[in-house]
Amino acid sequence: MLPLLRLLQDGRFHSGEALGAALGVSRAAVWKQLRALEAELGLPIHKVRGRGYRLESPLRLLDESILAASGARPHWPVMVLHSVDSTNSEALRRLERQLPAPFVVLAEQQTSGRGRRGRTWVSPFAENLYYSLVLRVEGGVRQLEGLSLVVGLALLHAIRAMGVVGAGLKWPNDLLVNGRKLAGILLELSGDPADVCHVVIGIGINVNMLPGALQVIDQPWTSMRAELGHGVDRNELVSLLNEQLSIYLERHRKEGFSRLLEEWQSNHLWQGRAAILTAGAQQIEGVVQGVDSTGALRLLVDGVERLFSGGELSLRLRNDS
Ligand code: BTN
């Protein structure tokens with residue numbers, strides 16, 4: 001189906017005959033694939049007698065050859081999948097099959113995209129970025145301290161480099177614009193964190209999806225396109241993200257999180273704000289002080305500073321904050 005989509009991605013008309021000839025299949029087989037594109041990917045296709053078929057709107061698909069040809073550093077191998085349950089799950093499967101890290105898995109669509117705290121990450125076809133980078137971690141647990149926050153910084157720089165203004169971070173690693181979520185990060189470990197392990201850095205960015213198109217997201221959200229007023233080339237975004245990640249991960253590897261703490265806090269949208277931390281069934285009210293050198297949240301609760309860390313925690317602003 002992907003070769004057919006590549007032919008149609010320009011949004012122009014293509015006759016059934018020309019598509020069949022390019023793909024080496026019959027017109028009937030082209031027709032079958034077109035129906036599958038519509039049904040499985042939700043891509044509307046227009047058919048006009050005498051002119052052929054065209055996509056309702058043009059697409060720019062992720063392209064391994066464009067990404068490899070960009071020549072930009074780092075030279076992490078990038079694999080683009082058409083559809084997968086979750087790029088993080090696929091990355092973990094590839095690790096089990098001994099694929100050497102680092103490598104990046106991208107997909108045009110996720111059928112079971114995962115968010116933090118057991119949530120679903122809505123992942124429509126060819127609209128957004130679903131990105132998983134796998135790294136080998138050799139320095140033990142210390143190399144993991146603050147890692148997800150550092151990934152947030154790199155992501156923020158990549159998003160800003162594409163022209164989005166007003167973006168900032170929310171502990172532990174959401175990227176927001178005007179209180180709306182633009183991107184999220186999900187780190188997963190494989191192996192022994194005290195020794196040699198691998199970390200899968202999963203990043204989801206709402207790129208070209210437009211609010212209104214999807215009602216199924218259970219929190220306020222935005223996209224790069226909504227913020228910029230124009231569509232974004234996802235291949236360019238991947239190159240920028242790779243570049244920023246390689247810079248920040250290298251700094252983190254050499255210097256640890258404490259050297260990046262100030263920078264993280266200066267980009268933290270909720271510094272000094274009154275907030276409520278949810279930890280399981282518990283709700284803790286306090287004022288956000290920042291983070292410590294391990295990336296744990298510093299919250300002033302009844303005049304006493306307390307530290308919180310862990311993947312199951314979530315923070316929201318108090319209504320009067
Ligand atoms: C969050 O809840 O904010 C984290 C969202 C992370 C989503 C990304 S999309 C690519 C990777 N694969 C997944 O299944 N999840 C992450």
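For ligands, and for the atoms within them, numbers begin at 1 and follow the listed sequence.
Clustering of Ile, Leu, Val, Met, Phe, Trp and Tyr by side-chain heavy atoms under 4.5 Å joins Phe13 with Val48.
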*Could you give me the CA-CA distance, side-chain angles and deciding distance for His268 and Gln265, then say whether side chain to side chain donor-acceptor pair (under 3.5 Å) is met?*
CA-CA 5 Å; His268 188 210; Gln265 289 189 160; over 6 Å; no
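For the pair Leu4/His14, no side-chain contact is recorded, criterion being any heavy-atom separation below 4.5 Å from C-beta on. Residues Arg12 and Arg51 form no side-chain contact, since every pair of their non-hydrogen atoms from C-beta on lies 4.5 Å or further apart. Leu99 is not listed as a side-chain neighbour of Val134, based on a closest heavy-atom distance of 4.5 Å or more.
Near ligand 1, Ser86, Thr87, Asn88, Gln110, Gly113, Arg114, Gly115, Arg116, Trp121, Tyr130, Tyr131, Ser132, Asp174, Lys181, Gly184, Ile185, Leu186, Gly202, Ile203, Gly204 each place a heavy atom less than 4.0 angstrom from the ligand.
Contact between Ser86 and Ser112 at its shortest, heavy atoms only, is CB-O, 3.6 Å.
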